[in-house]
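For reference, the structure is listed below as structure tokens.
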There are 2 protein chains.
Amino acid sequence: MEQILPHLDSVFSIDCVLFGFDGKELKILLIERNEEPFKDWWALPGNIVGADESLDQSASRILYELTSLRGIYMEQYYAFGDPNRHPQGRVITLAYYALIRLGGDKEPRPISTYAKRAKWLPITDLPKLAFDHQKIYDKGLEKIKRRIKHQPIAFELLPEKFTLTQLQHVYELILGKKLDKRNFRKKIVSFGVLKELDEKQKGVSYRAATLYRFDKRKYAKLFGKEISF
Amino acid sequence: MEQILPHLDSVFSIDCVLFGFDGKELKILLIERNEEPFKDWWALPGNIVGADESLDQSASRILYELTSLRGIYMEQYYAFGDPNRHPQGRVITLAYYALIRLGGDKEPRPISTYAKRAKWLPITDLPKLAFDHQKIYDKGLEKIKRRIKHQPIAFELLPEKFTLTQLQHVYELILGKKLDKRNFRKKIVSFGVLKELDEKQKGVSYRAATLYRFDKRKYAKLFGKEISF
DNA sequence: ATTACTTAGTGTAAAAATTACACACTATAT
DNA sequence: ATATAGTGTGTAATTTTTACACTAAGTAAT
């Protein structure tokens with residue numbers, strides 16, 4: 001195919017805020033850069049969009065290369081394109097977030113050459129980030145805060161079977177505030193997208209809680225309607 | 001500055017859905033293309049992002065070139081980057097919407113060479129659009145539907161002084177449904193961002209309605225809190 | 001087996017928000 | 001003076017939201 005479009009020296013990349021939940025803390029995956037600029041700084045994982053990749057594919061690829069995970073809920077949320085955001089040239093970047101259940105604790109291995117290592121770091125204690133990545137992260141958190149109030153994305157962070165307390169915990173971490181237990185349960189149950197299982201939590205040294213599962217069928221019917229917290 | 005970043009043949013553009021309200025209808029500004037591909041088709045106005053422009057600046061420039069308007073509320077809402085969305089090469093485009101009060105009826109003049117003409121067309125009767133512009137428009141409308149429920153953006157479409165009926169009309173057009181007059185007024189007034197003026201509508205052949213103004217100060221205090229319809 | 005510990009699980013009343021609904025008023029035009 | 005067309009207003013019923021505290025169930029230690 002002939003390229004007859006005008007041509008500019010701009011680079012288009014994708015950066016990802018990968019939110020992970022291990023049952024206790026909300027974390028994001030950061031990489032420690034191995035190259036200038038910002039060598040030795042922590043940064044959001046990202047990469048140039050490939051010539052034949054869609055944007056979503058590109059984001060999935062970045063995720064996969066870092067975590068070997070597929071089928072993760074990802075969503076683009078904002079493009080950052082300040083002419084000076086990258087010291088070495090014009091780089092426009094599209095930010096994605098992903099929500100990941102950190103089952104067990106397989107640390108992601110660093111792979112590409114530009115990263116020394118990758119690490120899940122709790123959002124309550126993040127290092128200084130390279131480029132404008134702090135801004136990108138801030139906007140990402142803001143976005144999922146808003147999103148979790150209207151769409152049932154919290155499930156993406158939990159294992160298939162979970163307790164209501166765990167679910168509430170996720171909401172509290174993302175929204176950054178405590179919620180009333182009884183009201184939370186009343187409300188979340190009233191949406192009708194939870195399926196109570198005949199199964200109890202195991203391995204806890206106290207009364208075991210009932211496990212629930214997210215009911216995707218019921219959710220599909222309800223889709224479009226907004227929920228709210 | 002040395003360019004040491006990798007280089008790809010991709011083009012980055014911005015497309016705009018300019019929503020306009022003339023007091024009666026909701027319209028968008030379309031241009032009739034003068035060049036292949038899609039010569040003679042209607043399309044969303046758009047352009048390549050300039051080397052030293054921020055994204056917002058670029059969107060504002062596109063708007064300005066078409067309408068001579070400045071200081072208009074614009075917001076980016078989604079990036080479209082399917083590898084095949086442009087028949088002549090890879091073009092990633094970032095979509096913006098704008099909300100514009102169509103005071104009087106100064107038709108925008110077509111300017112750039114790639115457009116035969118530009119025209120405000122009612123959203124109830126849009127032609128087939130070039131490229132994936134229908135998709136871009138659909139997503140834009142969806143976006144402002146959601147946005148108008150939570151943020152007072154409807155004011156951007158109205159003249160500085162407006163009646164409550166006009167305001168309600170805007171909500172109804174965007175949400176695509178009728179609202180109850182008394183409940184609408186109760187609610188919108190309860191937000192406390194309207195200032196009632198000592199002035200009445202003029203030039204109508206029936207009882208003149210009271211004019212209101214949007215109170216930006218009060219809104220600033222309230223910002224962050226969501227409103228809902 | 002008793003006790004201490006820890007989290008699970010439940011109800012209600014008050015307050016606030018939402019909905020549904022209809023008619024008299026006022027300015028203008030004829 | 002009469003017709004017309006849109007303005008502007010209140011209330012009761014319903015639903016949703018909020019605030020709030022104790023008992024039940026299982027585990028661990030003695």
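Chain letters run A, B, ... following the sequence lines, proteins first, then strands; residues in each count from 1.
Scanning both residues, K24(B) and H169(B), for their nearest heavy atoms gives O-CE1, 3.3 Å. Here the closest heavy-atom approach between residue F131(B) and residue R85(B) is recorded as CD2-O, 3.8 Å. Closest approach of Y114(A) to G46(A), counting heavy atoms only: OH-O, 3.0 Å.
The six-membered or imidazole ring of Y96(B) lies away from that of Y77(B), with a centre-to-centre distance of 6.0 Å or more. Ring centroid separation for the pair F19(A) and F21(A) does not come in under the 6.0 Å cut-off.
Here the C1' atom of nucleotide dT9(D) and the CZ atom of F184(B) are 16 Å apart, to the nearest Å.
Contact check on R101(B) versus D22(B) returns no salt bridge, with no Lys/Arg side-chain nitrogen under 4.0 Å from an Asp/Glu carboxylate oxygen.
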(request) Under the side chain to side chain donor-acceptor pair (under 3.5 Å) rule, what do D15(B) and T93(B) come out as? Steps first, then yes or no, please. (result) CA-CA 7 Å; D15(B) 287 315; T93(B) 199; 2.9 Å; yes

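Interface limits on DNA chain C: the 5'-most and 3'-most nucleotides within less than 4.0 Å of chain A heavy atoms are dT6(C) to dT12(C).
Using a 4.5 Å cut-off on side-chain heavy atoms (C-beta onward), I31(B) and W42(B) make no contact.
Contacts with DNA chain C (heavy atom under 4.0 Å) in residues 160-175 of chain A: T165(A), listed by number.
The side chain to side chain donor-acceptor pair (under 3.5 Å) with Y97(B) is formed by just one residue from the set E75(B), K139(B), K143(B); it is E75(B).
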(request) Report, as a single string ordered 5' to 3', how protein heavy atoms within less than 4.0 Å touch nucleotides 20-30 of chain D: B base, S sugar-phosphate only, - not at all. (result) BB--BBBSS--

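The main-chain N or O of L55(B) is never found under 3.5 Å from a side-chain atom of S58(B) such that the two would form a donor-acceptor pair.
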